[in-house]
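Let me begin by presenting the structure, written as C-alpha cells, before commenting on it.
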Amino acid sequence: MQNQKVASILNRVADYLEMDGPDFRTKAYRRAAHTIETLSVDIADIKKQGKLEELPGIGKHIHAKIEEILDTGSLEYLENLKKEFPLDLDALMSVEGLGPKKIKLLYQELGIKNLDDLEKEAKRHHIRRLKGMGAKTEAKILQNLEFARKSTGRQLLGEVLPLSSLIKQRISALDLVEQVEIAGSIRRRKETVGDIDVLTVTQHPDEVMDFFNRMDLVEEVIVKGHSKSTVRLFNGMDADIRVFKEDDFGSAMVYFTGSRELNISLRKIAISQGMKLNEYGVFHDEKRLAGKTEVDVFQALGMDYIPPELRENTGEIEAAQEGKLPLLVDYGDIKGDLHIHTNWSDGKSSIMEMALEASQRDYEYLAITDHTCIPVARGMDENRLIKQMGEIDRVNHELEDITLLKGAEVNLDSYGNLDMPRDLLEELDIVIAAVHSDLRQDPEKMNERILRALENDYVDILAHPTGRKLKERKPYQLNIENLFSKARETETILEINSQPKRLDLKDMHVKMAVEYGCQLSVSTDSHHTHDLSFMELGVATARRGWAEKKDIVNTFSLKKLLKLIS
DNA sequence: GCCGTTTTCGGCCCGACTGTTTTCAGTCG
C-alpha cells in the first residue's frame with residue numbers, strides 16, 4: 001500500500017509550487033493528494049486496472065507522475081525542485097507565521113535552509129531588512145522557532161477529548177454565554193488532533209474571549225481580534241475561540257467542523273446553485289436562506305444532514321445528495337464489551353470490579369478475555385484459565401444484570417497457531433486471537449500467520465488486526481484485501497480496538513471491511529475499569545468507517561451474539 | 001493542473017488577523 005507515500009510526494013510538490021503562487025497547480029496537486037490519501041483501495045491496483053484518470057482531481061499530467069512514483073519510487077520533478085531549493089521545508093513550515101513565500105525569500109536573500117540558519121539570521125537582525133518583513137516579524141520568528149523545535153505535532157484524540165470537554169465546561173458555565181460547542185477535527189473524531197476549536201454564541205464577545213485568554217490552561221495569547229482569539233495551551237496545543245450570533249451558529253458549526261476539503265466542496269456546490277456559503281450562512285444575493293442550524297444549512301444546499309464523523313469529503317456529499325447516507329451505528333447501540341483484561345493477567349481491576357463497571361454502563365454482557373501464556377502480560381497457563389472459569393461462574397451467579405462470557409486473548413505463535421489446547425478452547429464462549437510476539441517478522445510470513453489464524457475454527461475475533469500504535473509503531477505490512485476476504489469467508493470477526501493509541505482497525509479500513517461484508521466488533525481492550533470509557537473512541541472510528549449497527553456484533557443481543565460465535 | 005446540469009476556455013472557497021503598508025500580501029484555518 002503506497003497511497004500515503006504517493007500522496008506525500010504530491011503534497012510536497014504543492015509546497016514548492018506555492019512559493020511562486022498564486023498558482024492553481026498547487027490546488028490541483030493538493031486535491032490529487034487528498035484523493036489518494038483517503039482512498040480505501042491500493043493506488044497500485046487502480047493503476048493496474050488503468051483507472052487512475054477516473055479518480056477525482058487526477059488528469060493526464062498527475063496520472064503520469066503517479067505512474068512514475070509507483071514504478072521508480074520517486075518523482076524526478078520533485079527531485080529537481082529539491083535541488084533548486086535544498087531546504088528543510090518541514091522544519092521551516094512548522095514555524096508559525098512562516099509560509100512558502102517567506103521561506104523562499106529567506107532562502108534567496110539570506111541563504112536560510114533550516115532552523116539553525118533561521119535563528120542565526122534573526123539574531124543578527126538581518127531578517128528585518130527584507131521586503132515585507134520588519135522587527136516584529138523577526139521577533140515572532142525567534143519566538144515561534146523554539147516552539148517549532150519542541151513541537152510534537154498532532155496529539156491523540158483520546159488525550160485531547162478530556163481537555164476539550166473541560167474547556168467547554170468552563171466556558172458554558174459563564175452566564176454571558178448562550179451556546180458552546182467544540183468543532184474541528186475533535187468533533188469529527190479524527191484519530192489525531194491538531195488544535196481545539198471552540199465556537200460560542202454570546203452578546204459579549206470581548207468578555208468571553210478575555211475569559212478564554214486568561215484560563216489557567218493558557219500559556220500565551222497568539223491572536224486576539226474582534227471575533228476570534230487563538231491561544232497556546234500548557235500542553236503545546238493551540239486552541240481557537242470564535243464568537244457568533246445565534247442565527248449564524250449552524251453555518252459556523254458546519255464550516256469549523258470541516259474538513260477543509262469538505263468546505264471547499266460545499267462552497268462550490270453553493271456557487272453552482274447561484275448561492276454563497278460562508279461561516280455566517282447560506283445566501284442568495286443578500287438574502288440569507290439558512291444559518292441557524294446545521295440541518296438548515298445542509299438542506300439549503302440540497303442534501304441530507306451529514307454526521308460530523310463523515311465530513312471528510314470522501315463520498316459523503318454525493319451520498320447525502322442522493323439520500324443514501326448510512327444509518328451509522330450509534331454510541332448508545334453497544335450492548336457489551338468483548339475484549340477486556342483483569343488482574344488475572346495484566347489488568348489492574350478484578351473480574352467483579354470490571355463486571356460492576358460494565359453493569360453501570362448498562363451493558364448486557366462482558367467478555368473476560370485475559371492473556372494466555374505470553375510471559376510479559378502475566379498470561380495465564382492452562383490451570384489458571386480453568387481456575388478463572390470457575391471464578392467467572394461464581395461472579396455470574398452473584399450478578400443479575402449482566403452476563404460474563406468466558407474468553408481469552410490467545411497468543412498466535414510465529415506460524416499462526418494458538419498457544420492453548422483444543423479441549424480448553426472448546427470450553428470458552430469466545431476466543432480472541434492476537435499477535436504479541438515476533439512483530440518484525442517477514443511480511444509474507446506475517447500475512448500467512450494471520451490468515452492461518454482466521455482459518456482456525458476456534459477463533460471468533462482477530463484483535464487489533466494491523467498492530468499499529470499511533471506515533472509509536474507502524475502496522476504490519478499486511479495485504480489488507482486478502483485479510484478482509486479471508487475474514488468474510490471464515491466468518492471471523494475483526495476487532496476495532498478502542499485504545500487511544502491503537503484505533504485498529506482504523507477508519508478507512510473499517511470502511512473497506514464494511515464494503516467487503518466483514519463482521520466487526522468494537523472493544524476497549526481495557527486493563528482498568530476506567531478504560532471501559534474508551535468505547536466512545538472505537539464507536540467513533542466505526543462511524544468514521546461508515547459502519548451501521550448491523551456491521552457491529554456487540555450491538556447484538558446476547559442471544560444473537562452467542563448464536564453467531566458458537 | 002483539472003474540469004464542465006451555463007463553460008473544452010476561463011475559472012478555481014472564503015474570511016479573520018497581522019504586519020507591513022497607505023491599500024495589501026501572506027498566513028492560517
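In what follows, every chain begins at residue 1, and chains take the letters A, B, ... in the order their sequences are listed.
With a glycosidic angle more than 90° from 0, dT5(B) adopts the anti conformation.
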- Message: Would E178(A) and Q203(A) count as a side chain to side chain donor-acceptor pair (under 3.5 Å) here? Give the steps.
- Response: CA-CA 8 Å; E178(A) 292 156 38; Q203(A) 312 283 343; 3.3 Å; yes
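The pair E246(A)-K292(A) counts as a salt bridge, with a side-chain nitrogen and a carboxylate oxygen less than 4.0 angstrom apart. Between K104(A) and D20(A) there is a salt bridge, with a side-chain nitrogen of the basic residue lying less than 4.0 Å from a carboxylate oxygen of the acidic one. One finds a salt bridge joining D116(A) and R149(A) here, because a Lys/Arg side-chain nitrogen approaches an Asp/Glu carboxylate oxygen to under 4.0 Å.
For N278(A) and dG15(B), the shortest distance from a side-chain N or O to OP1 or OP2 is below 4.0 Å. Neither OP1 nor OP2 of dC28(B) sits under 4.0 Å from any side-chain N or O of T230(A). Here H61(A) reaches the OP1 or OP2 of dC2(B): one of its side-chain N or O atoms lies under 4.0 Å away.
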Side-chain donor/acceptor pairs under 3.5 Å, residues 128-137 of chain A, sequence neighbours excluded:
from: R128(A); atom 1: NE; to: E138(A); atom 2: OE1; distance (Å): 2.9
from: R128(A); atom 1: NH2; to: H125(A); atom 2: ND1; distance (Å): 3.2
from: R128(A); atom 1: NH2; to: E138(A); atom 2: OE1; distance (Å): 3.1

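When rounded to the nearest whole Å, the span between CG of D240(A) and C1' of dG15(B) equals 14 Å.
Partners of S165(A) by side chain to side chain contact (heavy atoms under 4.5 Å, CB included), not counting sequence neighbours: none found.
Shown for residues 123-150 of chain A: residues whose heavy atoms fall under 4.0 angstrom of DNA chain B, namely G132(A), M133(A), G134(A), A135(A), K136(A), T137(A), K140(A).
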